[in-house]
Protein chains: 2
Amino acid sequence: MIFPLCPRARQRRKEARPGELLSAALEVFGERGFAATKLDDVAKRAGVSKGTVYLYFDSKEALFKAAVESAVIPAVEAGEALAADHSLSPAEALRTFVFWWWEKVGASDIGALPKLLVAEVGNFPELGKWFHENLVMRGKRAAASIIERGIASGDFRPVVAMDVARILFAQMFAYVLWRRAFGPAMPDLPKPEAYFATVVDILVNGLKGETKCA
Amino acid sequence: MIFPLCPRARQRRKEARPGELLSAALEVFGERGFAATKLDDVAKRAGVSKGTVYLYFDSKEALFKAAVESAVIPAVEAGEALAADHSLSPAEALRTFVFWWWEKVGASDIGALPKLLVAEVGNFPELGKWFHENLVMRGKRAAASIIERGIASGDFRPVVAMDVARILFAQMFAYVLWRRAFGPAMPDLPKPEAYFATVVDILVNGLKGETKCA
DNA sequence: GATTAGTGACTGACCGGTCGGTAATTTACT
DNA sequence: AGTAAATTACCGACCGGTCAGTCACTAATC
């Protein structure tokens, strides 16, 4: 998705540029953070020069916010669509939701978002509110709807669905952060399939030995 | 702990300065990140001028690393001591461990560490390895020792203790990050007592209705 | 030839780091 | 005790490098 560096292949591509720039920006901002990111680096990664960035975005800050928004919206919409699928058992649906989320969001370039947001809300406070309303709340509500289905069907005991959704989200959030931030330094971090399977097993079955009596 | 700004009260305090500077540095780095932090601001918060910073630390980077190390070491040592206390039941011990950790680490200025490390490992790769070995692994082993006690006593089913420790750590990690980063923007975030009580309840008892048959 | 996407040298503000100077404190001497 | 000399914590103006943002120009496309 990044334009190759071959200088002679340089072309004029007015429609494709904004997307390429947003994608490159999300990558570099995600790696280095806002302040440590140089626009020259973003431009180079998108295969253009710095001047071109300013043809499409007013400032570094505008590019940053646009990159964040462009990543959040598709992620949350896809998550809501998935939670609305009622064809699986509640426990199965939880497993699918979590693992799908990893594949579609955590492992893609959207996965840079949590780290980026955590690092930068201190410098962009309004981003925190927006992120909470547009990603966290909607995501938690989607997960909670699965839990509620499980309670209604008698598969789960009557817990507070939003509390469990919060726990589930914290796990997904932590795993993505961990992998992005400490991945190279953490050889013992399990593969996502194994990690999320364990999480859902513990959440569903608990630690108590008595569970086996069922 | 921060020296008051009263200019006439300025004194020479060779022994106290390094600690004051480290504390101020941890605060400001935690709020803004490494690159966005100005040494003038750190100096001002510690009640000195920028030149004084360079009397005690070689560079901005040296100050940063010293601030991180000075916060990590007491946190991890206190955590290990707590896990070694065998006087509580396993489920009680888990609750205590998690909640104690919040009070001693999450709510103090050490709580700035997770956010700071997540944000900066990209720019300081060696920090990631060090952090993993000296904080994450030791913390997880401490939590795992509690789980293993529960398995040995028959309170818990025979899960992989380190897996559950990872899940527990992810929760603590996520809560601290959340509070620090999005706290003002997240009015629905429960108080730590309620949050951790729910986490331990779900981990121990699970979601399944059958648990109640015990 | 006209239009416009794209370039990259340039500028100015900003900030990490320095260093000559100041004043608080201690030491030495009477 | 008084005070002069020596010491050193601390200050803040300054320097030099860096990078966001600009603009006169180039070249691809119509």
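Per chain, numbering begins at 1; letters A, B, ... match sequence-line order. Every heavy atom of this structure was used, including side-chain atoms; hydrogens, water molecules and symmetry mates were not. Just so we're clear, the structure is a prediction, and the values are computed from it rather than from any experiment.
B:Y56 comes within contact range of the sugar-phosphate backbone alone, with a heavy-atom separation under 4.0 Å but no base atom that close.
Summarising the local packing, CZ of A:R32 is surrounded by 12 or fewer heavy atoms from other residues, nucleotides or ligands at distances under 6.0 Å.
Taking all atoms of both residues into account, the shortest heavy-atom contact from A:P18 to A:Y56 is CG-CD2, 3.9 Å.
Checking each of A:L22, A:L39, A:V42 against A:F57 for a side chain to side chain contact (heavy atoms under 4.5 Å, CB included) leaves exactly one that passes, namely A:L22. Among the candidates B:V164, B:L203, B:I147, the single residue satisfying the side chain to side chain contact (heavy atoms under 4.5 Å, CB included) test with B:L94 is B:I147. Checked options A:K38, A:R45, A:K115; the residue passing with A:E31 is A:R45 (criterion: salt bridge (charged side-chain N to carboxylate O under 4.0 Å, His left out)).
Nucleotide C:dT3 holds its P atom 18 Å from the CG atom of A:L55, rounded to whole Å. Summarising the geometry, the separation between CZ on A:R17 and C1' on D:dA28 is reported as 12 Å, rounded to the nearest angstrom. For A:F64 and D:dC19, the CZ to P distance is 18 Å, given to the nearest whole Å. Atom CG of A:D41 and atom P of D:dG21 are 15 Å apart (whole Å).
With sequence neighbours excluded, no residue forms a salt bridge (Lys or Arg N to Asp or Glu O under 4.0 Å) with A:K60.
Close to D:dC11, at under 4.0 Å from its OP1 or OP2, lies a side-chain N or O of B:T52.
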Sequence-aligned protein contact record of nucleotides 12-18 of chain C, with B where the base is within under 4.0 Å of a protein heavy atom and S where only the sugar-phosphate is = ---SBBB
